[in-house]
Amino acid sequence: MSRRLAALIPFYEFDEAQFFRADNAPDEVAASRRAGFTRLAQHYQQRFAKTRALTTEVRDSLSDLQFTSTYRVPFQFSRVVRENLSAGSFLQSSSGVTLTDLDGNTFYDLTGSYGVNVFGYDFYKACMETGARRVQDLGPVLGAFHPVLAYNVERLTQISGLDEVSFHMSGTEAVMQAVRLARYHTRRTHLVRFCGAYHGWWGDVQPGVGNPLPARETYTLKEMSADTLHVLRTRRDIACVLVNPLQALHPNASAPADSALVDSSRGAHFDRQAYTAWLQELRKVCDARGIVLIFDEVFVGFRLAPGGAQEYFGVRADLVTYGKTLGGGLPIGVVCGRKHLMKRYRDDRPVDVCFARGTFNSHPYVMGAMHEFLRRLDDADIRAVYDNLDEVWNERARGLNQRLRDEGLPVQVANLSSIWTVTYTQPSRYNWMLQYYLRAEGLALSWIGTGRLIFSLNYTDADFQAVADCFVAAARTMHQDGWWWADASGRAKPIKRLILQEMARHVFAGRPRQAASAA
Ligand SMILES: Cc1ncc(COP(=O)(O)O)c(C=O)c1O
């Protein structure tokens with residue numbers, strides 16, 4: 001359905017005049033926005049000159065960059081924003097909780113490197129350096145293992161509480177392998193994933209927009225729903241249920257990218273008790289039906305607790321995937337699982353095997369960095385960051401929300417520990433502008449913008465206060481510049497209606513042209 005809808009939405013974009021009053025704001029508001037935008041554009045041009053120049057140089061030959069720079073904001077605004085508010089995509093260095101670009105600008109890092117950065121970049125630099133020294137005599141030899149692997153296996157079985165481990169090159173591959181094993185051992189075809197949950201970019205776990213083919217052996221079900229439990233209780237073709245515990249922050253919603261932030265309907269709220277109860281229900285029904293319960297902890301593993309989501313929610317899975325941070329700064333995917341599920345052959349059918357390979361699996365340098373990561377997990381300073389972890393981050397979120405409320409700014413944050421989402425409290429078509437004001441204040445966000453702020457756990461109270469000051473200052477300036485002007489009704493509906501009307505106009509305007517070109 002979502003793929004069909006996506007195919008119907010026509011491209012159109014706003015010209016300079018429409019750009020500032022896409023919500024039919026009055027002229028004086030549009031003028032104030034234009035002035036703010038011009039000021040910001042000048043700031044970006046001066047401050048990020050070198051970083052932008054290199055970005056422009058490679059953009060036409062780097063597909064990834066073209067995609068991310070196009071999809072930072074809703075497509076109607078994208079070109080004008082890209083041409084004026086690019087901060088560039090290169091960085092020179094990292095230190096503490098900051099990143100420095102090619103122009104020497106230093107930013108607080110809220111990108112978290114897609115979640116890899118749990119303990120601070122210096123921690124990973126040390127893991128990579130020490131790990132590399134440990135394995136350098138073996139170098140890039142593959143197939144046989146460096147001895148550091150033995151320690152990694154031992155630690156991972158302890159941490160996961162599971163019997164066996166397999167190493168892969170990315171989180172996507174770990175998920176592929178976990179699902180393949182579940183299908184092999186249950187002799188059933190289908191996987192269950194939940195609405196909005198990301199499990200990497202493999203076709204079977206990404207059945208909607210973004211995958212040109214339909215995923216035929218995937219059921220996408222509603223999370224925290226009795227209907228889902230009913231499906232699991234009654235269908236006979238379900239091999240496994242994939243859970244991404246990050247969804248606890250926004251069950252059934254996709255990763256909250258600013259490109260989809262067309263009004264203010266983004267919501268997020270983490271209820272630990274309710275999500276724990278849901279996982280317990282899933283555990284029960286999977287046990288009763290012989291379905292393999294897979295926790296995909298590629299994102300949250302080691303971030304919520306040393307033992308990951310299993311420990312945090314107190315529910316055990318049959319297979320667990322890890323990735324990101326566990327590589328100690330290098331690429332990784334790991335599956336941990338119960339013995340009978342990890343086995344790749346059948347004793348009674350020697351030719352019926354479950355194949356899994358990968359040239360670079362167990363690469364000595366990755367194993368070296370992981371060894372260091374796992375070793376350092378026991379250090380007192382690392383153990384200490386887990387003390388009162390939720391209290392610390394909940395209190396920081398609460399404090400920031402209070403400041404935003406006190407200033408009458410229509411912005412709030414919701415958090416699952418150190419993973420945050422920005423939400424907007426009044427209807428607006430321009431919320432995505434906040435990411436550009438934040439950057440100007442010295443906060444670096446990933447390309448999906450304000451939907452995902454990821455803090456590393458080495459943020460001190462002072463670091464956080466500096467971030468909060470920047471955040472409030474950015475929202476204040478954006479407010480003063482008029483981007484949050486609201487239609488008198490104060491409802492979101494007029495914005496949605498406006499967008500639908502725009503799209504309909506462009507669909508109909510496009511028809512004769514298509515017919516003419518077909519003729
Ligand atoms: C929960 C989850 N699973 C799997 C993946 C895919 O991992 P990778 O990008 O290493 O392939 C991700 C990546 O963000 C993820 O968050």
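Indexing begins at 1, ligand by ligand and atom by atom, following the structure's order. Given the structure is predicted, the values throughout are model-derived calculations rather than measurements.
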Chemist: Do me a favour and list the nearest non-hydrogen protein atom to atom 11 (O) of ligand 1 with residue, atom name and distance?
Modeler: Thr172 OG1, 2.6 Å
Chemist: For the pair Arg383 and Asp378, find out whether any cationic side-chain nitrogen is under 4.0 Å from an anionic carboxylate oxygen.
Modeler: yes
Chemist: Could you check whether any heavy atom of Glu297 sits closer than 4.0 Å to an atom of ligand 1, since that is the contact criterion I want to use?
Modeler: no
Chemist: Heavy-atom contacts under 4.0 Å between Glu173 and ligand 1: side chain, backbone, both, or neither?
Modeler: neither
Chemist: Quick test of your reading of the model: are Arg439 and Asp101 salt-bridged, counting only N-O distances below 4.0 Å?
Modeler: no
Chemist: For Gly171, counting its heavy atoms only, list the atoms of ligand 1 lying under 4.0 Å from any of them.
Modeler: 6 (C), 7 (O), 8 (P), 10 (O), 11 (O)
Chemist: Only heavy atoms count here, so choose which of Tyr198, Phe299, Trp202 is nearest to atom 12 (C) of ligand 1.
Modeler: Tyr198
Chemist: For atom 3 (N) of ligand 1, which of Ile332, Asn244, Asp296, Leu246 has the closest heavy atom?
Modeler: Asp296
Chemist: May I ask you to check if Arg155 and Phe373 form a cation-pi contact, with NZ or CZ under 6.0 angstrom from the six-membered ring centre and within 45° of the axis?
Modeler: no
Chemist: Looking only at distances, please establish whether an N/O atom of ligand 1 is found under 3.5 Å from an N/O atom of Trp201.
Modeler: no
Chemist: Examine the side chains of Ser69 and Arg59 and answer whether a donor and an acceptor come within less than 3.5 Å of each other.
Modeler: yes
Chemist: Are the charged groups of Lys125 and Glu129 less than 4.0 angstrom apart, N to O?
Modeler: no
Chemist: Could you tell me which atoms of ligand 1, counted from 1 in the order shown, lie closer than 4.0 angstrom to a heavy atom of Ser170?
Modeler: 10 (O), 11 (O)
Chemist: Tell me the protein heavy atom at minimum distance from atom 13 (C) of ligand 1, and give that distance in Å.
Modeler: Lys324 NZ, 3.1 Å
Chemist: Indicate whether any N or O donor in one side chain lies under 3.5 Å from an N or O acceptor in the other, for Ser113 and Tyr121.
Modeler: yes
Chemist: Between Arg452 and Asp258, is there a salt bridge with N-O shorter than 4.0 Å?
Modeler: no
